[in-house]
Amino acid sequence: LPSLQLKKGDKSKYVMVLHYMEMILDDRYLLRRYINCPDDKLSRGGVEIRKNYRRLVSLRDEFESVRKSRQKPVAEG
């Protein structure tokens, strides 16, 4: 795995997980072969890869929202 290009003090687990998720989601081969490919050209395995890719996008969005909510200061009541 390639080394992370993170700033000092920014190596939280959340940032690392998001970094690796983005690396997977931005993979050119994956995008070209399975995601931006017409449905009728995909095998059953390709359809499964596309389904899991969409699931990973959803998990990334959820993970990002959790990370942001933990960074916000708690409102005093």
Side-chain angles (χ1 to χ4, degrees):
L1 294 172
S3 64
L4 290 173
Q5 300 295 322
L6 300 174
K7 298 174 189 169
K8 223 177 195 181
D10 197 22
K11 293 186 180 184
S12 74
K13 292 177 187 176
Y14 294 113
V15 173
M16 291 176 69
V17 169
L18 288 168
H19 172 78
Y20 284 111
M21 282 181 159
E22 289 298 331
M23 283 180 60
I24 294 168
L25 294 174
D26 290 340
D27 183 78
R28 284 192 234 159
Y29 175 79
L30 183 67
L31 291 170
R32 181 180 65 246
R33 179 70 177 91
Y34 300 106
I35 308 309
N36 298 329
C37 182
D39 289 340
D40 59 340
K41 297 215 179 209
L42 290 175
S43 65
R44 274 189 277 171
V47 170
E48 189 70 22
I49 288 171
R50 183 181 280 178
K51 183 174 100 178
N52 287 324
Y53 181 90
R54 290 178 180 155
R55 187 179 301 162
L56 184 59
V57 169
S58 175
L59 288 170
R60 187 238 3 235
D61 294 344
E62 188 175 333
F63 201 82
E64 180 68 30
S65 69
V66 168
R67 185 180 76 88
K68 285 182 179 178
S69 72
R70 290 179 183 226
Q71 288 179 341
K72 291 181 183 175
V74 177
E76 295 180 26

- Are V66 and Y20 grouped together when hydrophobic residues (ILVMFWY) are joined by side-chain heavy atoms under 4.5 angstrom apart?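 No, no single cluster joins them.
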- Shared hydrophobic cluster, L18 / V57 (ILVMFWY, side-chain heavy atoms < 4.5 Å):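 Per the 4.5 Å side-chain linkage, L18 and V57 are co-clustered.
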- Spatial distance of atom CG (D26) from atom CZ (R28) [nearest 0.5 Å]: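 Spacing of CG (D26) from CZ (R28) equals 10.0 Å.
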- How many angstroms lie between CD1 in I24 and CG in L30, if you round to the nearest 0.5 Å?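 One finds 9.0 Å between CD1 of I24 and CG of L30.
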- Query: Taking all atoms of both residues into account, what is the closest heavy-atom pair of R32 and C37, and its distance?
  - Reply: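 Shortest heavy-atom contact: O-CB, 4.0 Å.
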- Item | Min side-chain heavy-atom separation L31-Y53 under 4.5 Å |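 A side-chain contact exists here, since the closest heavy-atom pair is under 4.5 Å.
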- Message: Using modelled atom types and a 3.5 Å cut-off, is there a donor and acceptor pairing between side-chain atoms of N52 and backbone atoms of E48?
- Response: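 Checked: pair present.
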- Please name the residue in the list E64, R60, M16 that meets the side chain to side chain contact (heavy atoms under 4.5 Å, CB included) test with M21.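 The passing option is R60.
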